[in-house]
Number of protein chains: 2
Amino acid sequence: MSKPATPIPSELLKLDNQLCFPLYAVSRLFTKAYQPLLQELDLTYPQYLVLLLLWEHPELTVKALGEKLLLDSGTLTPLLKRMEQRQLVSRRRDPRDERSVIITLAPAGQALQHRAECIPEALLAKLQLSPDEFNQLRSQLTRLLTQLS
Amino acid sequence: MSKPATPIPSELLKLDNQLCFPLYAVSRLFTKAYQPLLQELDLTYPQYLVLLLLWEHPELTVKALGEKLLLDSGTLTPLLKRMEQRQLVSRRRDPRDERSVIITLAPAGQALQHRAECIPEALLAKLQLSPDEFNQLRSQLTRLLTQLS
DNA sequence: TGCTATTTGATTGTGCACAATGTAATGTTG
DNA sequence: CAACATTACATTGTGCACAATCAAATAGCA
């Protein structure tokens with residue numbers, strides 16, 4: 001059962017034994033699974049995440065969005081500008097602290113909410129996961145998330 | 001315990017109840033955890049993945065790499081060209097099928113292997129995961145991976 | 001054999017992701 | 001209150017990621 005191939009990488013250097021690769025690949029596959037659903041709303045997955053937050057909290061600073069999504073201004077600024085151009089959100093400086101930029105849900109962004117309501121269930125159906133598996137995986141990942149961030 | 005906020009998104013439209021967001025965020029945090037280790041080898045995470053495969057199989061077509069990593073030529077071609085410029089790999093057409101491009105591990109790429117050997121363990125240490133948790137999470141993710149791909 | 005379909009990469013264009021740097025506003029400290 | 005540090009974003013540059021399109025090579029078939 002040995003592998004006589006010329007280069008013998010340690011077992012740990014094999015793709016199959018890593019945790020990160022399946023994480024990386026599954027994450028991209030998930031985003032791809034969202035894509036046809038989000039395309040109908042003309043949204044990318046990160047834009048959808050921003051809207052998820054704004055549907056809960058119609059006003060958030062860039063900093064708050066960044067903290068919740070773990071994204072920095074180099075990612076969020078251009079993304080939010082694109083969303084502003086499409087009038088999904090509006091951007092204005094906080095008059096009480098001119099350093100902050102407040103992102104507000106615009107009517108068009110608000111209007112997308114009810115069209116997005118079917119997305120989580122549609123995605124869940126694609127996954128074919130039992131509720132048990134779903135919850136177990138979710139709790140493990142959220143625990144890892146708080147642990148790493 | 002109700003939420004009287006103005007917009008009331010369905011529970012499923014909340015970030016906290018989703019599976020995809022923690023997946024997406026943890027995946028990026030993992031890549032970030034690799035970054036300081038990979039920086040010493042001047043590699044990005046996707047480049048490291050390509051090398052992991054070439055250390056096992058010193059010759060692979062672009063197609064084979066793409067199938068294993070779930071990446072298409074639009075991602076791999078420029079990535080492999082950068083790696084070729086740095087003489088980590090070499091690229092040549094398969095004489096028996098001129099459509100295929102064979103990627104071969106070059107000496108400099110081979111030489112990185114032993115410098116990379118410490119990476120998996122170093123990363124494992126960062127995670128603070130018990131072997132049980134590690135294996136459980138890995139098996140769940142790999143199962144999802146085969147299921148989705 | 002010639003014609004069509006498929007396969008394999010390459011190219012183009014858009015949108016993240018993030019490191020590094022810059023800048024204006026705000027805090028803080030002596 | 002002036003000097004300095006910190007904060008919140010913006011900008012720049014690099015590298016994925018992927019959809020869409022293209023071109024060349026090969027396979028399959030009438």
Side-chain angles (χ1 to χ4, degrees), chain A residues 20-21 23-36 38-39 41-50 60-86 88-89 91-103 149, chain B residues 20-21 23-36 38-39 42-50 60-67 69-86 88-89 91-103 149:
Chain A
C20 188
F21 172 68
L23 200 55
Y24 159 77
V26 169
S27 171
R28 284 184 294 116
L29 287 174
F30 262 55
T31 306
K32 225 177 274 187
Y34 272 101
Q35 206 271 337
L38 291 177
Q39 191 169 26
L41 311 187
D42 198 16
L43 291 176
T44 64
Y45 181 68
Q47 289 169 8
Y48 169 69
L49 291 180
V50 166
L60 285 172
T61 62
V62 173
K63 176 181 168 60
L65 281 169
E67 280 172 353
K68 287 171 187 292
L69 298 177
L70 306 182
L71 292 171
D72 70 4
S73 73
T75 300
L76 286 175
T77 296
L79 183 155
L80 292 168
K81 282 184 176 177
R82 280 187 289 272
M83 293 181 76
E84 185 188 34
Q85 278 196 339
R86 295 183 40 212
L88 298 174
V89 304
R91 288 158 22 93
R92 64 186 155 82
R93 292 277 166 183
D94 183 342
R96 287 170 308 178
D97 184 345
E98 290 278 345
R99 292 171 303 179
S100 296
V101 169
I102 298 177
I103 306 300
S149 64
Chain B
C20 188
F21 172 68
L23 201 54
Y24 158 77
V26 169
S27 172
R28 285 185 293 116
L29 287 175
F30 262 54
T31 305
K32 226 178 273 187
Y34 272 100
Q35 207 270 338
L38 291 176
Q39 191 169 26
D42 199 15
L43 291 176
T44 65
Y45 182 68
Q47 290 169 8
Y48 169 69
L49 291 180
V50 166
L60 285 172
T61 62
V62 173
K63 176 180 168 58
L65 281 169
E67 281 173 352
L69 298 176
L70 306 182
L71 292 172
D72 70 4
S73 73
T75 301
L76 286 175
T77 296
L79 182 155
L80 292 168
K81 283 183 175 175
R82 281 187 287 273
M83 293 180 76
E84 185 189 33
Q85 279 196 338
R86 294 182 41 211
L88 298 174
V89 304
R91 287 157 25 91
R92 63 186 155 82
R93 291 280 166 182
D94 183 341
R96 287 171 307 179
D97 185 343
E98 290 279 345
R99 291 171 306 181
S100 297
V101 170
I102 299 176
I103 306 299
S149 63

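In what follows, every chain begins at residue 1, and chains take the letters A, B, ... in the order their sequences are listed. Hydrogens, waters and symmetry mates play no part in the numbers below; they use all other heavy atoms, side chains included.
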**Student:** Counting any heavy atom closer than 4.0 Å, what does S100(B) reach on the DNA or RNA strands: base, sugar-phosphate only, or nothing?
**Tutor:** sugar-phosphate

**Student:** What distance separates L23(A) CG from L23(B) CG, expressed to the nearest 0.5 Å?
**Tutor:** 5.5 Å

**Student:** Find the distance L80(A):CG to dT11(D):P and express it as a whole number of Å.
**Tutor:** 13 Å

**Student:** Could you go through the salt bridge (Lys or Arg N to Asp or Glu O under 4.0 Å) check for E84(A) and R91(A) one step at a time?
**Tutor:** CA-CA 7 Å; E84(A) 185 188 34; R91(A) 288 158 22 93; 3.2 Å; yes

**Student:** By nearest nucleotide on DNA chain D, pick out whichever of K32(A) and V101(A) is the more 5' one.
**Tutor:** V101(A)

**Student:** Please determine, for the side chain of T77(A), which listed nucleotide (dC9(D), dT6(D), dA25(D)) has the closest atom?
**Tutor:** dC9(D)

**Student:** Which class fits the ring pair Y34(A) and Y48(A): parallel under 30°, tilted 30 to 60°, perpendicular over 60°?
**Tutor:** tilted

**Student:** Hey, are R86(A) and D42(A) close enough for a salt bridge, meaning a charged N less than 4.0 Å from a carboxylate O?
**Tutor:** yes

**Student:** Scan L71(B) against the nucleic acid and name what it touches under 4.0 Å (heavy atoms): base, sugar-phosphate only, or nothing.
**Tutor:** sugar-phosphate

**Student:** Would R28(B) and Y24(B) count as a cation-pi pair here, with the cationic atom under 6.0 angstrom from the ring centre and within 45° of the axis?
**Tutor:** yes

**Student:** For T44(A), answer base if it contacts any base atom (sugar-phosphate contacts may also be present), sugar-phosphate if it contacts only those atoms, and nothing otherwise; contact means non-hydrogen atoms under 4.0 Å.
**Tutor:** sugar-phosphate

**Student:** Nearest nucleotide by nearest heavy atom, which residue falls closer to the 5' end of DNA chain C, L29(B) or T75(B)?
**Tutor:** T75(B)

**Student:** What is the separation between atom NZ on K63(A) and atom P on dA10(D), rounded to the nearest whole Å?
**Tutor:** 14 Å

**Student:** Base, sugar-phosphate or nothing for T31(B)? Non-hydrogen atoms, less than 4.0 Å.
**Tutor:** nothing

**Student:** Can you name the nearest heavy-atom pair linking P36(A) to A33(A), along with the distance?
**Tutor:** CD-O, 3.5 Å

**Student:** Specify the residue among P78(A) and R99(A) whose closest nucleotide of DNA chain D lies further upstream toward the 5′ end.
**Tutor:** R99(A)

**Student:** For a quick test of reading the model, state the closest non-hydrogen atom pair linking P78(B) to S73(B) and the distance between them.
**Tutor:** CD-O, 3.8 Å

**Student:** Shoot me the first and last contacting nucleotide of DNA chain C against chain A, ordered 5' to 3', at under 4.0 angstrom to non-hydrogen atoms.
**Tutor:** dG15(C) to dT26(C)

**Student:** Take the protein atom CG of D94(A) and the nucleotide atom P of dA8(D), then report the distance between them rounded to whole Å.
**Tutor:** 11 Å

**Student:** Base, sugar-phosphate alone, or nothing: which one does S73(B) contact when heavy atoms must sit under 4.0 Å apart?
**Tutor:** base

**Student:** What contact category does Q35(B) fall into here, base, sugar-phosphate, or nothing, at under 4.0 angstrom with non-hydrogen atoms?
**Tutor:** nothing

**Student:** What integer distance in Å separates R93(B):CZ from dA24(D):P?
**Tutor:** 11 Å

